[in-house]
Amino acid sequence: MEKTLEKDEKAGLKHAADDLTEDLETAFDEPSVPPAPFICVENYNFFYGSAQTLHDVTFDMPERQVTAIIGPSGCGKSTLLRNINRMNDLVDGTSHTGDIKIRNQSIYDPNFEVTEIRKRIGMVFQKSNPFPKSIYENVVYSLRVAGQKNKSLLDEAAEASLKAAALWDEVKDRLDESALGLSGGQMQRLCIARAIANRPEILLMDEPCSALDPIATAKIEELIYELKKEFTIVIVTHNMQQAARVSDWTAFFYMGKLIEFDTTKRIFMSPSVKQTEDYITGRFG
Amino acid sequence: MERHFHEELRQLKNKLLEMSFKVEGVVAKSCEALFARDEKLALEVIQEEASINYLEIEIDEKGHSFFALSQPMALDLRLAMMILKINTDLERMADHAVNIAEKTLFLLKEPPVPLGDHLEKMAEMVQKMLREALDSFLREDTELALSVLKKDDEVDDGNSNFYYFISELMEREPAAVNAGINLLMISHNLERIADLANNVAEDVIYLKQGREVKHRIHLRENTRFEASTSGPSDA
(Lines give C-alpha, C1' and ligand atoms only; values in the text may rest on other atoms or scores of the structure.)
Protein backbone atom coordinates (compact mmCIF):
# COMPACT_ATOMS: atom_id res chain seq x y z
CA MET A 1 0.00 0.00 0.00
CA GLU A 2 2.78 2.37 0.96
CA LYS A 3 4.74 1.58 -2.22
CA THR A 4 1.68 2.22 -4.39
CA LEU A 5 1.11 5.55 -2.70
CA GLU A 6 4.71 6.60 -3.25
CA LYS A 7 4.57 5.48 -6.88
CA ASP A 8 1.37 7.47 -7.49
CA GLU A 9 2.85 10.44 -5.71
CA LYS A 10 5.97 10.34 -7.89
CA ALA A 11 3.88 9.98 -11.05
CA GLY A 12 1.76 12.95 -9.97
CA LEU A 13 4.82 15.09 -9.28
CA LYS A 14 6.43 14.14 -12.58
CA HIS A 15 3.22 15.05 -14.40
CA ALA A 16 3.11 18.39 -12.59
CA ALA A 17 6.78 19.02 -13.40
CA ASP A 18 6.21 18.25 -17.11
CA ASP A 19 3.23 20.63 -17.20
CA LEU A 20 5.31 23.29 -15.47
CA THR A 21 8.18 22.94 -17.97
CA GLU A 22 5.74 23.28 -20.86
CA ASP A 23 4.08 26.32 -19.27
CA LEU A 24 7.42 27.99 -18.65
CA GLU A 25 8.52 27.43 -22.22
CA THR A 26 5.39 29.06 -23.60
CA ALA A 27 4.89 31.77 -20.96
CA PHE A 28 8.27 33.44 -21.30
CA ASP A 29 9.00 32.77 -24.96
CA GLU A 30 7.67 35.91 -26.59
CA PRO A 31 7.30 36.06 -30.35
CA SER A 32 10.22 37.79 -32.05
CA VAL A 33 8.34 38.21 -35.34
CA PRO A 34 6.39 41.48 -35.37
CA PRO A 35 2.61 41.10 -35.65
CA ALA A 36 0.85 42.69 -38.66
CA PRO A 37 3.69 44.48 -40.49
CA PHE A 38 2.63 48.02 -41.33
CA ILE A 39 5.74 49.87 -42.43
CA CYS A 40 8.05 47.51 -44.32
CA VAL A 41 11.62 48.55 -45.10
CA GLU A 42 13.04 46.25 -47.77
CA ASN A 43 16.74 46.07 -48.74
CA TYR A 44 16.88 49.82 -48.44
CA ASN A 45 20.05 51.73 -49.35
CA PHE A 46 20.28 55.50 -49.22
CA PHE A 47 22.93 57.86 -50.59
CA TYR A 48 23.83 61.52 -50.16
CA GLY A 49 25.72 61.90 -53.46
CA SER A 50 28.25 59.09 -53.39
CA ALA A 51 28.16 58.72 -49.60
CA GLN A 52 26.01 55.77 -48.55
CA THR A 53 24.22 56.41 -45.23
CA LEU A 54 21.90 53.38 -45.08
CA HIS A 55 23.07 49.90 -46.01
CA ASP A 56 20.65 47.18 -47.04
CA VAL A 57 18.17 47.86 -44.25
CA THR A 58 15.29 45.39 -43.92
CA PHE A 59 12.72 45.23 -41.12
CA ASP A 60 8.98 45.54 -40.52
CA MET A 61 7.35 47.94 -38.07
CA PRO A 62 4.05 46.67 -36.65
CA GLU A 63 0.77 48.57 -36.69
CA ARG A 64 -0.35 50.60 -33.66
CA GLN A 65 2.81 49.91 -31.73
CA VAL A 66 5.81 52.06 -30.94
CA THR A 67 9.07 51.29 -32.72
CA ALA A 68 12.15 53.05 -31.37
CA ILE A 69 15.22 53.59 -33.52
CA ILE A 70 18.38 53.95 -31.45
CA GLY A 71 22.07 54.23 -32.20
CA PRO A 72 24.99 56.65 -31.93
CA SER A 73 25.10 59.95 -33.83
CA GLY A 74 25.48 59.46 -37.56
CA CYS A 75 24.15 55.90 -37.52
CA GLY A 76 21.37 56.74 -39.97
CA LYS A 77 18.38 56.70 -37.65
CA SER A 78 17.07 60.17 -38.56
CA THR A 79 17.87 59.53 -42.22
CA LEU A 80 15.64 56.47 -42.17
CA LEU A 81 12.86 58.36 -40.38
CA ARG A 82 12.97 61.14 -43.00
CA ASN A 83 12.81 58.56 -45.77
CA ILE A 84 9.56 57.11 -44.48
CA ASN A 85 7.63 60.28 -45.42
CA ARG A 86 9.99 61.11 -48.32
CA MET A 87 11.28 64.27 -46.69
CA ASN A 88 14.73 63.49 -48.07
CA ASP A 89 13.31 64.00 -51.57
CA LEU A 90 13.77 67.70 -50.80
CA VAL A 91 17.55 67.28 -50.45
CA ASP A 92 19.53 67.60 -53.69
CA GLY A 93 21.75 64.74 -54.76
CA THR A 94 20.07 61.99 -52.77
CA SER A 95 19.19 58.58 -54.16
CA HIS A 96 18.04 55.20 -52.93
CA THR A 97 17.63 51.57 -53.88
CA GLY A 98 15.24 49.10 -52.28
CA ASP A 99 11.80 50.02 -51.04
CA ILE A 100 9.67 51.24 -48.14
CA LYS A 101 6.06 50.11 -48.08
CA ILE A 102 3.13 51.34 -46.03
CA ARG A 103 0.34 48.82 -45.82
CA ASN A 104 1.91 46.96 -48.75
CA GLN A 105 2.01 50.04 -50.99
CA SER A 106 5.42 51.40 -52.00
CA ILE A 107 5.98 55.03 -51.02
CA TYR A 108 7.72 55.35 -54.42
CA ASP A 109 4.69 54.03 -56.33
CA PRO A 110 4.01 56.68 -59.03
CA ASN A 111 0.31 56.49 -58.14
CA PHE A 112 1.06 57.39 -54.53
CA GLU A 113 1.29 61.19 -54.40
CA VAL A 114 3.86 62.61 -51.99
CA THR A 115 1.19 64.91 -50.57
CA GLU A 116 -1.01 61.86 -49.93
CA ILE A 117 1.89 60.14 -48.14
CA ARG A 118 2.37 63.16 -45.90
CA LYS A 119 -1.34 63.30 -45.11
CA ARG A 120 -1.04 59.75 -43.84
CA ILE A 121 2.11 60.48 -41.85
CA GLY A 122 2.40 63.13 -39.14
CA MET A 123 5.80 64.25 -37.93
CA VAL A 124 7.13 65.83 -34.74
CA PHE A 125 10.62 67.27 -34.56
CA GLN A 126 13.30 67.73 -31.92
CA LYS A 127 12.64 71.44 -31.59
CA SER A 128 9.00 72.36 -31.31
CA ASN A 129 8.05 74.55 -34.25
CA PRO A 130 4.64 76.13 -33.71
CA PHE A 131 3.56 78.63 -36.33
CA PRO A 132 3.34 82.27 -35.17
CA LYS A 133 -0.42 81.94 -34.98
CA SER A 134 -2.97 81.22 -32.29
CA ILE A 135 -3.11 77.86 -30.53
CA TYR A 136 -6.33 77.08 -32.39
CA GLU A 137 -4.97 78.01 -35.81
CA ASN A 138 -1.88 75.87 -35.26
CA VAL A 139 -3.97 72.78 -34.63
CA VAL A 140 -6.38 73.24 -37.56
CA TYR A 141 -3.70 74.43 -39.98
CA SER A 142 -3.44 71.20 -41.97
CA LEU A 143 -7.24 70.93 -42.20
CA ARG A 144 -7.49 74.47 -43.54
CA VAL A 145 -4.76 73.74 -46.10
CA ALA A 146 -6.73 70.66 -47.13
CA GLY A 147 -9.71 72.95 -47.80
CA GLN A 148 -11.83 72.36 -44.73
CA LYS A 149 -13.92 75.47 -44.00
CA ASN A 150 -16.70 74.09 -41.81
CA LYS A 151 -16.22 75.89 -38.47
CA SER A 152 -17.90 73.24 -36.34
CA LEU A 153 -15.78 70.50 -37.91
CA LEU A 154 -12.64 72.55 -37.32
CA ASP A 155 -13.68 73.18 -33.71
CA GLU A 156 -14.34 69.50 -33.22
CA ALA A 157 -10.97 68.52 -34.70
CA ALA A 158 -9.15 71.12 -32.59
CA GLU A 159 -10.73 69.88 -29.37
CA ALA A 160 -10.20 66.19 -30.19
CA SER A 161 -6.56 66.72 -31.19
CA LEU A 162 -5.75 68.86 -28.15
CA LYS A 163 -7.40 66.28 -25.89
CA ALA A 164 -5.47 63.44 -27.54
CA ALA A 165 -2.28 65.45 -27.04
CA ALA A 166 -3.15 65.91 -23.33
CA LEU A 167 -3.12 69.69 -23.75
CA TRP A 168 -6.83 70.58 -23.84
CA ASP A 169 -7.25 71.23 -20.12
CA GLU A 170 -4.29 73.61 -20.11
CA VAL A 171 -5.31 75.72 -23.14
CA LYS A 172 -9.08 75.40 -23.61
CA ASP A 173 -9.66 78.89 -22.20
CA ARG A 174 -7.04 80.59 -24.34
CA LEU A 175 -7.27 78.99 -27.76
CA ASP A 176 -6.99 82.39 -29.44
CA GLU A 177 -3.75 83.30 -27.70
CA SER A 178 -0.43 83.00 -29.51
CA ALA A 179 1.11 79.53 -29.49
CA LEU A 180 4.47 81.18 -28.91
CA GLY A 181 3.41 81.99 -25.34
CA LEU A 182 3.27 78.32 -24.35
CA SER A 183 6.01 76.54 -22.37
CA GLY A 184 8.47 74.29 -24.22
CA GLY A 185 6.63 71.13 -23.19
CA GLN A 186 3.25 72.62 -24.11
CA MET A 187 4.59 73.73 -27.50
CA GLN A 188 5.79 70.20 -28.22
CA ARG A 189 2.38 68.77 -27.27
CA LEU A 190 0.78 71.42 -29.50
CA CYS A 191 2.96 70.20 -32.37
CA ILE A 192 1.76 66.65 -31.65
CA ALA A 193 -1.86 67.90 -31.68
CA ARG A 194 -1.18 69.61 -35.01
CA ALA A 195 0.45 66.44 -36.40
CA ILE A 196 -2.54 64.25 -35.53
CA ALA A 197 -5.32 66.75 -36.43
CA ASN A 198 -5.53 65.38 -39.96
CA ARG A 199 -5.94 61.83 -38.59
CA PRO A 200 -2.73 60.32 -40.03
CA GLU A 201 -2.00 56.60 -39.64
CA ILE A 202 1.63 57.06 -38.71
CA LEU A 203 3.39 59.44 -36.35
CA LEU A 204 7.12 59.96 -36.84
CA MET A 205 8.94 61.51 -33.87
CA ASP A 206 12.50 62.73 -34.22
CA GLU A 207 13.99 63.24 -30.74
CA PRO A 208 10.71 64.75 -29.48
CA CYS A 209 11.89 65.22 -25.87
CA SER A 210 15.54 66.18 -26.22
CA ALA A 211 14.83 69.88 -25.57
CA LEU A 212 12.43 69.27 -22.66
CA ASP A 213 12.82 69.06 -18.88
CA PRO A 214 12.14 65.73 -17.10
CA ILE A 215 8.50 66.53 -16.21
CA ALA A 216 7.62 67.68 -19.74
CA THR A 217 9.46 64.60 -21.04
CA ALA A 218 7.41 62.32 -18.78
CA LYS A 219 4.21 63.92 -20.08
CA ILE A 220 5.21 63.32 -23.70
CA GLU A 221 6.19 59.73 -22.88
CA GLU A 222 2.79 59.08 -21.30
CA LEU A 223 1.21 60.69 -24.34
CA ILE A 224 3.11 58.35 -26.68
CA TYR A 225 1.85 55.42 -24.59
CA GLU A 226 -1.74 56.61 -25.14
CA LEU A 227 -1.34 57.60 -28.80
CA LYS A 228 -0.18 54.16 -29.87
CA LYS A 229 -3.75 52.94 -29.43
CA GLU A 230 -4.60 54.94 -32.55
CA PHE A 231 -1.36 55.51 -34.41
CA THR A 232 1.66 53.55 -35.55
CA ILE A 233 4.57 55.43 -34.00
CA VAL A 234 8.22 55.50 -34.98
CA ILE A 235 10.48 57.40 -32.60
CA VAL A 236 14.15 58.26 -33.00
CA THR A 237 15.85 58.90 -29.69
CA HIS A 238 19.33 59.30 -28.27
CA ASN A 239 17.92 58.48 -24.88
CA MET A 240 18.06 54.71 -24.54
CA GLN A 241 16.10 54.72 -21.29
CA GLN A 242 13.35 56.57 -23.08
CA ALA A 243 13.32 53.95 -25.84
CA ALA A 244 13.01 51.27 -23.15
CA ARG A 245 10.14 53.10 -21.45
CA VAL A 246 8.00 54.00 -24.43
CA SER A 247 8.55 51.47 -27.21
CA ASP A 248 7.35 47.97 -27.97
CA TRP A 249 10.03 47.29 -30.61
CA THR A 250 13.55 48.59 -30.91
CA ALA A 251 15.89 48.82 -33.90
CA PHE A 252 19.58 49.39 -33.18
CA PHE A 253 21.54 51.06 -35.98
CA TYR A 254 25.28 51.48 -36.30
CA MET A 255 27.07 53.15 -39.21
CA GLY A 256 24.03 52.96 -41.44
CA LYS A 257 23.38 49.29 -40.79
CA LEU A 258 20.57 47.69 -38.88
CA ILE A 259 22.42 45.66 -36.27
CA GLU A 260 19.43 44.23 -34.41
CA PHE A 261 15.66 44.56 -34.39
CA ASP A 262 13.55 42.84 -31.75
CA THR A 263 11.02 43.44 -28.98
CA THR A 264 12.19 46.23 -26.69
CA LYS A 265 12.15 43.74 -23.84
CA ARG A 266 14.61 41.44 -25.59
CA ILE A 267 16.84 44.27 -26.79
CA PHE A 268 17.17 45.69 -23.27
CA MET A 269 17.25 42.41 -21.34
CA SER A 270 19.10 39.96 -23.54
CA PRO A 271 20.06 41.27 -26.98
CA SER A 272 21.31 38.69 -29.48
CA VAL A 273 24.16 40.78 -30.88
CA LYS A 274 27.15 41.77 -28.74
CA GLN A 275 27.37 45.16 -30.45
CA THR A 276 23.83 45.97 -29.25
CA GLU A 277 24.69 44.92 -25.72
CA ASP A 278 27.87 47.02 -25.76
CA TYR A 279 25.87 50.06 -26.89
CA ILE A 280 22.98 49.80 -24.46
CA THR A 281 25.35 49.13 -21.55
CA GLY A 282 27.42 52.19 -22.47
CA ARG A 283 30.53 50.22 -23.45
CA PHE A 284 30.75 52.05 -26.75
CA GLY A 285 29.03 54.90 -28.54
CA MET B 1 1.61 62.40 -12.30
CA GLU B 2 0.62 58.75 -12.76
CA ARG B 3 3.03 56.94 -15.11
CA HIS B 4 1.89 53.91 -17.06
CA PHE B 5 4.51 51.76 -15.35
CA HIS B 6 2.86 52.38 -11.97
CA GLU B 7 0.11 50.03 -13.10
CA GLU B 8 2.77 47.40 -13.88
CA LEU B 9 4.20 47.90 -10.39
CA ARG B 10 0.74 47.39 -8.88
CA GLN B 11 0.34 44.19 -10.87
CA LEU B 12 3.75 43.02 -9.67
CA LYS B 13 2.76 43.68 -6.06
CA ASN B 14 -0.51 41.79 -6.58
CA LYS B 15 1.43 38.82 -7.96
CA LEU B 16 3.58 38.85 -4.83
CA LEU B 17 0.44 38.90 -2.68
CA GLU B 18 -0.82 35.86 -4.60
CA MET B 19 2.53 34.18 -3.86
CA SER B 20 2.30 35.13 -0.18
CA PHE B 21 -1.20 33.59 0.17
CA LYS B 22 0.05 30.34 -1.33
CA VAL B 23 3.14 30.21 0.90
CA GLU B 24 1.22 31.08 4.03
CA GLY B 25 -1.13 28.25 3.06
CA VAL B 26 1.56 25.59 2.66
CA VAL B 27 3.30 26.60 5.89
CA ALA B 28 0.01 26.28 7.79
CA LYS B 29 -0.79 23.00 6.05
CA SER B 30 2.63 21.49 6.79
CA CYS B 31 2.24 22.32 10.50
CA GLU B 32 -1.25 20.85 10.58
CA ALA B 33 -0.01 17.71 8.79
CA LEU B 34 2.74 17.34 11.40
CA PHE B 35 0.62 17.71 14.51
CA ALA B 36 -2.48 15.90 13.17
CA ARG B 37 -0.28 13.16 11.60
CA ASP B 38 -2.20 13.72 8.34
CA GLU B 39 -0.54 12.04 5.34
CA LYS B 40 -2.94 13.56 2.80
CA LEU B 41 -2.17 17.12 3.91
CA ALA B 42 1.59 16.44 3.83
CA LEU B 43 1.30 15.17 0.25
CA GLU B 44 -0.73 18.24 -0.74
CA VAL B 45 2.09 20.50 0.50
CA ILE B 46 4.61 18.60 -1.60
CA GLN B 47 2.42 18.86 -4.68
CA GLU B 48 1.83 22.58 -4.26
CA GLU B 49 5.56 23.30 -4.45
CA ALA B 50 5.57 23.24 -8.28
CA SER B 51 3.01 26.04 -8.61
CA ILE B 52 4.90 28.16 -6.06
CA ASN B 53 8.16 27.67 -7.97
CA TYR B 54 6.37 28.67 -11.15
CA LEU B 55 5.03 31.83 -9.54
CA GLU B 56 8.48 32.70 -8.18
CA ILE B 57 9.95 32.56 -11.69
CA GLU B 58 7.05 34.58 -13.11
CA ILE B 59 7.51 37.35 -10.51
CA ASP B 60 11.29 37.34 -11.04
CA GLU B 61 10.86 37.61 -14.78
CA LYS B 62 8.31 40.42 -14.56
CA GLY B 63 10.47 42.22 -11.99
CA HIS B 64 13.61 42.06 -14.11
CA SER B 65 11.67 43.32 -17.09
CA PHE B 66 10.26 46.16 -14.95
CA PHE B 67 13.77 47.23 -13.92
CA ALA B 68 15.10 47.08 -17.48
CA LEU B 69 12.25 48.95 -19.13
CA SER B 70 10.93 51.37 -16.50
CA GLN B 71 14.05 52.45 -14.54
CA PRO B 72 12.15 52.96 -11.25
CA MET B 73 13.39 55.58 -8.78
CA ALA B 74 13.03 56.29 -5.02
CA LEU B 75 9.87 54.65 -3.58
CA ASP B 76 9.18 52.81 -6.86
CA LEU B 77 12.77 51.52 -6.84
CA ARG B 78 12.57 50.35 -3.22
CA LEU B 79 9.22 48.66 -3.80
CA ALA B 80 10.42 46.82 -6.92
CA MET B 81 13.59 45.70 -5.11
CA MET B 82 11.64 44.56 -2.05
CA ILE B 83 9.18 42.60 -4.19
CA LEU B 84 12.04 40.62 -5.72
CA LYS B 85 13.72 40.02 -2.33
CA ILE B 86 10.48 38.98 -0.61
CA ASN B 87 9.70 36.74 -3.57
CA THR B 88 12.94 34.82 -2.99
CA ASP B 89 12.29 34.63 0.77
CA LEU B 90 8.76 33.33 0.21
CA GLU B 91 9.98 30.59 -2.10
CA ARG B 92 12.55 29.53 0.53
CA MET B 93 9.76 29.41 3.15
CA ALA B 94 7.79 27.11 0.85
CA ASP B 95 10.88 24.88 0.56
CA HIS B 96 11.02 24.64 4.37
CA ALA B 97 7.30 23.80 4.47
CA VAL B 98 7.96 21.01 1.94
CA ASN B 99 10.83 19.75 4.12
CA ILE B 100 8.47 19.65 7.11
CA ALA B 101 5.91 17.73 5.02
CA GLU B 102 8.53 15.23 3.84
CA LYS B 103 9.76 14.64 7.38
CA THR B 104 6.16 14.28 8.53
CA LEU B 105 5.72 11.48 5.99
CA PHE B 106 8.81 9.83 7.49
CA LEU B 107 7.51 10.29 11.04
CA LEU B 108 4.23 8.64 10.09
CA LYS B 109 6.14 5.40 9.50
CA GLU B 110 7.69 5.59 12.99
CA PRO B 111 5.94 5.01 16.30
CA PRO B 112 4.62 8.33 17.68
CA VAL B 113 6.89 10.11 20.17
CA PRO B 114 5.80 12.69 22.76
CA LEU B 115 6.35 16.22 21.41
CA GLY B 116 5.78 18.26 24.56
CA ASP B 117 4.37 21.69 23.82
CA HIS B 118 7.52 23.51 22.67
CA LEU B 119 7.23 22.59 18.99
CA GLU B 120 3.53 23.36 18.69
CA LYS B 121 3.94 26.74 20.39
CA MET B 122 6.87 27.48 18.14
CA ALA B 123 4.84 26.55 15.04
CA GLU B 124 2.02 28.86 16.17
CA MET B 125 4.45 31.72 16.74
CA VAL B 126 6.13 31.18 13.35
CA GLN B 127 2.77 31.25 11.55
CA LYS B 128 1.79 34.40 13.45
CA MET B 129 5.09 36.07 12.48
CA LEU B 130 4.60 35.10 8.85
CA ARG B 131 1.01 36.36 8.76
CA GLU B 132 1.97 39.65 10.40
CA ALA B 133 5.03 40.12 8.18
CA LEU B 134 2.89 39.67 5.08
CA ASP B 135 0.16 41.93 6.49
CA SER B 136 2.78 44.57 7.23
CA PHE B 137 3.87 44.41 3.58
CA LEU B 138 0.29 44.56 2.30
CA ARG B 139 -0.56 47.55 4.50
CA GLU B 140 2.97 48.99 4.46
CA ASP B 141 2.70 49.08 8.27
CA THR B 142 6.10 49.56 9.90
CA GLU B 143 4.71 49.22 13.47
CA LEU B 144 3.47 45.75 12.64
CA ALA B 145 6.79 44.95 10.95
CA LEU B 146 8.66 45.99 14.10
CA SER B 147 6.43 43.76 16.23
CA VAL B 148 7.41 40.82 13.99
CA LEU B 149 11.10 41.49 14.61
CA LYS B 150 10.51 41.43 18.36
CA LYS B 151 9.06 37.91 18.20
CA ASP B 152 12.13 36.32 16.63
CA ASP B 153 13.89 35.74 19.97
CA GLU B 154 10.90 33.79 21.24
CA VAL B 155 11.14 31.44 18.28
CA ASP B 156 14.89 31.03 18.80
CA ASP B 157 14.24 30.18 22.47
CA GLY B 158 11.55 27.70 21.44
CA ASN B 159 14.01 26.04 19.06
CA SER B 160 16.65 25.73 21.86
CA ASN B 161 14.13 24.40 24.36
CA PHE B 162 12.88 21.82 21.89
CA TYR B 163 16.48 20.76 21.18
CA TYR B 164 17.04 19.99 24.89
CA PHE B 165 13.66 18.28 25.14
CA ILE B 166 14.40 15.94 22.20
CA SER B 167 18.02 15.33 23.28
CA GLU B 168 16.78 14.06 26.64
CA LEU B 169 14.15 11.95 24.92
CA MET B 170 16.73 10.33 22.63
CA GLU B 171 19.02 9.62 25.61
CA ARG B 172 16.13 7.99 27.45
CA GLU B 173 14.69 6.11 24.50
CA PRO B 174 17.21 5.08 21.84
CA ALA B 175 14.33 3.73 19.70
CA ALA B 176 13.15 7.32 19.30
CA VAL B 177 16.43 8.53 17.75
CA ASN B 178 15.24 8.39 14.12
CA ALA B 179 12.08 10.32 14.92
CA GLY B 180 14.05 12.70 17.18
CA ILE B 181 16.53 13.63 14.46
CA ASN B 182 13.68 14.37 12.04
CA LEU B 183 11.88 16.43 14.65
CA LEU B 184 15.03 18.50 15.25
CA MET B 185 15.24 19.15 11.53
CA ILE B 186 11.59 20.23 11.53
CA SER B 187 12.30 22.57 14.42
CA HIS B 188 15.17 24.02 12.40
CA ASN B 189 12.86 24.45 9.38
CA LEU B 190 10.39 26.39 11.52
CA GLU B 191 13.15 28.56 12.91
CA ARG B 192 14.33 29.33 9.37
CA ILE B 193 10.78 30.29 8.30
CA ALA B 194 10.73 32.74 11.22
CA ASP B 195 14.08 34.19 10.06
CA LEU B 196 12.69 34.64 6.56
CA ALA B 197 9.52 36.29 7.96
CA ASN B 198 11.90 38.59 9.80
CA ASN B 199 13.57 39.45 6.50
CA VAL B 200 10.18 40.41 5.07
CA ALA B 201 9.50 42.68 8.06
CA GLU B 202 12.94 44.31 7.67
CA ASP B 203 12.21 44.87 4.00
CA VAL B 204 8.91 46.59 4.87
CA ILE B 205 10.77 49.01 7.15
CA TYR B 206 13.31 49.71 4.40
CA LEU B 207 10.50 50.20 1.89
CA LYS B 208 8.64 52.75 3.98
CA GLN B 209 11.47 54.52 5.76
CA GLY B 210 14.48 53.86 3.53
CA ARG B 211 16.47 52.77 6.60
CA GLU B 212 18.28 49.49 7.05
CA VAL B 213 17.50 47.48 10.21
CA LYS B 214 19.06 44.19 9.16
CA HIS B 215 21.52 42.64 11.60
CA ARG B 216 20.41 45.33 14.06
CA ILE B 217 22.84 47.64 12.34
CA HIS B 218 20.71 50.66 13.29
CA LEU B 219 21.50 50.03 16.95
CA ARG B 220 25.22 50.50 16.39
CA GLU B 221 27.01 53.83 16.64
CA ASN B 222 27.59 54.38 12.93
CA THR B 223 24.21 53.68 11.47
CA ARG B 224 24.89 55.30 8.11
CA PHE B 225 26.64 53.04 5.64
CA GLU B 226 28.46 55.99 4.08
CA ALA B 227 30.14 56.64 7.43
CA SER B 228 31.68 53.18 7.74
CA THR B 229 32.79 51.91 4.38
CA SER B 230 35.32 49.51 5.91
CA GLY B 231 32.66 47.94 8.14
CA PRO B 232 32.12 48.23 11.87
CA SER B 233 35.15 47.28 13.97
CA ASP B 234 33.14 45.09 16.35
CA ALA B 235 31.66 42.98 13.54
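Here is how names work: the chains are called A, B, and so on, in the same order as the sequence lines, proteins then strands, and each is numbered from 1.
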Report task. Can you measure from CZ (Arg3(B)) to CZ (Arg245(A)) and round to the nearest 0.5 angstrom? Result ->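 Atom-to-atom, Arg3(B):CZ and Arg245(A):CZ are 6.0 Å apart.
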Heavy-atom count around [X] [atom1] within 6.0 Å, excluding the residue itself: above 12?
X         : atom1 : answer
Lys128(B) : NZ    : no
Tyr163(B) : OH    : no
Glu32(B)  : CD    : no

Query raised in the report: So which residues of residues 68-94 of chain B are in contact with chain A at a heavy-atom cut-off of under 4.5 Å?
Result: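 When heavy atoms of chain A are the reference, residues 68-94 of chain B contributes Ala68(B), Leu69(B), Ser70(B), Gln71(B) within the under-4.5 Å range.
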Query - Sorted by number, residues from residues 222-231 of chain A in contact with chain B (heavy atoms, under 4.5 Å) - result: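 When heavy atoms of chain B are the reference, residues 222-231 of chain A contributes Glu222(A), Tyr225(A) within the under-4.5 Å range.
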